[in-house]
Every structure is written in C-alpha cells, then in structure tokens.
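Both counts, for ligands and for their atoms, begin at 1 and track the order of listing.
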Amino acid sequence: MTEITGHTRVWAILADPIHHVKTPQALNALMRKRGVDGVLIPIHVGADDLSGLVSGLRTMRNLGGLIVTVPHKTAMVALCDEVSPAARAIGAVNTVRREADGRLVGEMLDGAGFVAGLRQAGIEPKGRSAYLAGAGGAANAIAFALAEAGVSRLTVANRTRSKCEDLAQRLAEAYPGFAVEIGSPDPSGHEIVVNATSLGLRENDPLPLDADRLTPDQIVAEIIMQPETTALLAAAKERGCRTHPGGPMLACQLELMADFTEMRP
Ligand code: ATR
C-alpha cells in the first residue's frame, strides 16, 4: 500500500493498554508484502466500552477483521456471532473476521501459532507425548492446539491445580478419548516439554518446572519471547536438550491471522 484511498480496507487491534503492541507494524508489513490494499490501526478501548465499540465496528463495511488482545480476549467470545469449537472451549478469541453480511466470526490462534512454529522448526507434535507447564490463557490455547495436532498424550502441570483439572476436563469433552493427565513439576517421560506459564519473563523468576529432571532426548519449548534464551532454555541446553524459543509462535501466528481475516489483494 502506498496511500490510503477510498478502496483501502481496515483492520484493527483492540487492547488496553495499547502502546506496547507490535502487531500493527508486523501486520501492516505483512499486508505490504502480500500486496493488500489495507491498513491495520490500533484502537485503545477499555473493558467497559468494548461491547459498544464492537457493535459499531460490525456496521463498518470496509472492516476486514479485528485482532483482540489483553484484556479483551475472553469478553470477545460473547460479542462474536460465531466462534470455533476450540475458541469456545478455551473461552477466548484473539482474531475476528467480518463477513460480508456483518457477521463476526472469532477464532483463537495463539495455540495454532505455537504448533505452526514447532512444525516450521521441523518438530512434528503428532504422535509425540507432551508436557505443558501452565493452565492460564496461553496454556489453554496451546493445550487445545496440541490435542488438535494429535499428540499421543498430554500432561498438564500448574501451580494452581484446580485450573489443570478444569482444563483437563474441557479437553476431555472436546477430544473424547484423548489421554490427558495432571502432572507434577517433573517433566520426565515426555518427548516435548512446553513452558506456557509467564515464568521466565523476569530475571528472578523461579523455573516453571524441575529442570534437573530433563533428559537429552527431550525438546524444550518456550512461549516467552523476551529474553530469547530464558533460564529454562539455558538449563535445557545445559542438559543436552533441543530447545525451541518463543519467537516463532508470534511470527507464525501473524500469517494465520492474515489468512483467517482474509488479508488478500
Ligand atoms: P497468560 O494469558 O499469559 O497465560 P495467565 O492466564 O495469567 O496469563 O497465566 C499465567 C500462568 O503462569 C498460570 O499458569 C500461572 O499459574 P497459576 O494458575 O497458578 O496462577 C503461571 N504463573 C505465574 N506466576 C507464577 C509463579 N510465580 N509460580 C508458578 N506459576 C506461575
């Protein structure tokens, strides 16, 4: 896009706070790469005003879609006309497409972005056992995406056990027969080990799992992007594990967001 004209379609990211978001730069660059006559703008909206904003945006005929982030991912589910079964079970939506008739269709792509990042690095989750640390928003999305990708079994471990139980129950309902267990901080016996907690963002954070139990045959993956080598990844490298950083999850998700909201020339 060289200029915004009357033909330009509009996408938006909804967040509060918004100043830190990097999605506008990333998706505008992707649109230019794809030759899309479109622009993605930041919209700073508080939780109380989300519903009013979305009903207005729904009437906007040149709206391509919405990217939804903190703190609106949960509230957005009820504001969509249709959401995918996984997004409903996860209870969160981060990407919304506006159809020609104004219907809003929501999807949760955090987990799919993670799995796409693994695959891009040549790590195929299908048929492999997985251990997931965390049961919050990001962990929920990744758990469903790993189940969808066909891991042979999944162990979920979290400080607050009730959140694991809740997640395991929703997974079992969505994927009947899927082998999901609640685990301890010990990740041994799993081929892919994933940190989906927020531990690792801060320098003095404790490790999200017992890294002394890691073995060289394991792949250890992160969702934390900054720092690129978290304390967990450093410990995993030291123990001879293959590691996978947090960055690819976002990079791959941008493509999925663009595809889902039909960012096409
Ligand atoms: P996000 O949307 O980034 O996933 P979240 O939903 O708040 O954020 O989830 C944060 C995750 O990190 C949770 O699994 C949380 O554990 P609890 O469910 O017990 O809160 C985990 N986490 C954060 N700080 C932690 C800490 N100090 N020790 C252990 N787990 C922690």
Side-chain angles (χ1 to χ4, degrees), residues 13-18 20-23 47 50 67-77 83 86-95 106-115 117-118 130-147 154-171 180-187 190 192-214 220-228 230-233 235-236 244-253 257:
I13 176 167
L14 314 184
D16 181 26
I18 197 137
H20 65 289
V21 297
K22 300 280 192 290
T23 314
L50 182 70
I67 308 303
V68 182
T69 188
V70 179
H72 304 312
K73 292 187 199 182
T74 305
M76 195 66 214
V77 176
V83 301
R88 185 160 303 284
I90 294 163
V93 150
N94 77 338
T95 309
E107 179 59 288
M108 179 60 188
L109 294 171
D110 278 346
F114 175 79
V115 167
L118 282 182
Y131 172 97
L132 183 67
N140 264 265
I142 289 174
F144 275 82
L146 288 173
L154 178 68
T155 301
V156 188
N158 192 48
R159 172 179 62 181
T160 310
R161 189 182 161 95
S162 60
K163 283 163 77 175
C164 286
E165 289 164 354
D166 177 57
L167 171 56
Q169 194 181 334
R170 281 178 290 113
L171 275 169
V180 53
E181 265 179 43
I182 295 167
S184 71
D186 177 0
H190 301 82
I192 301 177
V193 174
V194 184
N195 173 39
T197 73
S198 50
L199 294 174
L201 268 175
R202 280 172 228 88
E203 215 169 290
N204 297 322
D205 279 346
L207 289 172
L209 50 85
D210 186 354
D212 289 339
R213 306 285 302 179
L214 292 171
V220 179
E222 259 298 358
I223 65 158
I224 307 278
M225 279 174 276
Q226 200 58 41
E228 197 182 331
T230 57
L232 173 66
L233 292 186
H244 180 76
M249 174 176 170
L250 179 64
C252 289
Q253 199 182 165
M257 287 170 161

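Atoms of ligand 1 lying under 4.0 Å from any heavy atom of T160, numbered from 1 in the order shown and given with element: 17 (P), 18 (O), 19 (O), 20 (O). Of all the atoms in ligand 1, the ones that sit under 4.0 Å from a non-hydrogen atom of K163 are 17 (P), 18 (O), 20 (O). Within ligand 1, the atoms closer than 4.0 Å to a non-hydrogen atom of G134 are 14 (O), numbered from 1 in the order shown. Listed by number with element, the atoms of ligand 1 under 4.0 Å from a non-hydrogen atom of A135 are 14 (O).
Residues L199 and L207 fail the side-chain proximity criterion, which asks for heavy atoms closer than 4.5 Å. Considering only heavy atoms from C-beta on, L132 comes within 4.5 Å of I142 through its side chain. Side-chain contact between M108 and N140 is absent, with no heavy atoms from C-beta onward closer than 4.5 Å. In this structure, H244 and I192 have side chains that are not in contact, with every pair of non-hydrogen atoms separated by 4.5 Å or more.
At a 4.0 Å heavy-atom cut-off, ligand 1 does not touch D205 at all.
Evaluated for a side-chain hydrogen bond (donor to acceptor under 3.5 Å, both in side chains) with K73, the options N94, D110, T95 yield exactly one hit, D110.
Residue A138 has at least one N or O atom closer than 3.5 Å to an N or O atom of ligand 1. Remark: ligand 1 and A196 share no N or O pair separated by less than 3.5 Å (distance only, no angle test).
Distance CG/L146 to OH/Y131: 13.5 Å, rounded to 0.5 Å. In this structure, the separation between CZ on R213 and CG on D186 is 4.0 Å, given to the nearest 0.5 Å.
With hydrogens left out, the protein atom closest to atom 10 (C) of ligand 1 is S198 OG, 4.0 Å, a heavy atom. Of all protein heavy atoms, the one lying nearest to atom 6 (O) of ligand 1 is G137 N, 2.8 Å. Nearest protein heavy-atom contact of atom 9 (O) of ligand 1 is G136 CA, 3.5 Å. Among all protein heavy atoms, the one lying closest to atom 27 (N) of ligand 1 is R159 NH1, 3.3 Å.
Between atom 14 (O) of ligand 1 and the options N158, T197, I224, the minimum heavy-atom separation is to N158.
Panel note: side chain R170, backbone A89; a donor-acceptor pair is recorded below 3.5 Å.
Among all heavy-atom pairs drawn from T230 and G200, the shortest one is CG2-O, 4.2 Å.
Under the 4.0 angstrom criterion, atom 20 (O) of ligand 1 counts as having a protein heavy-atom contact.
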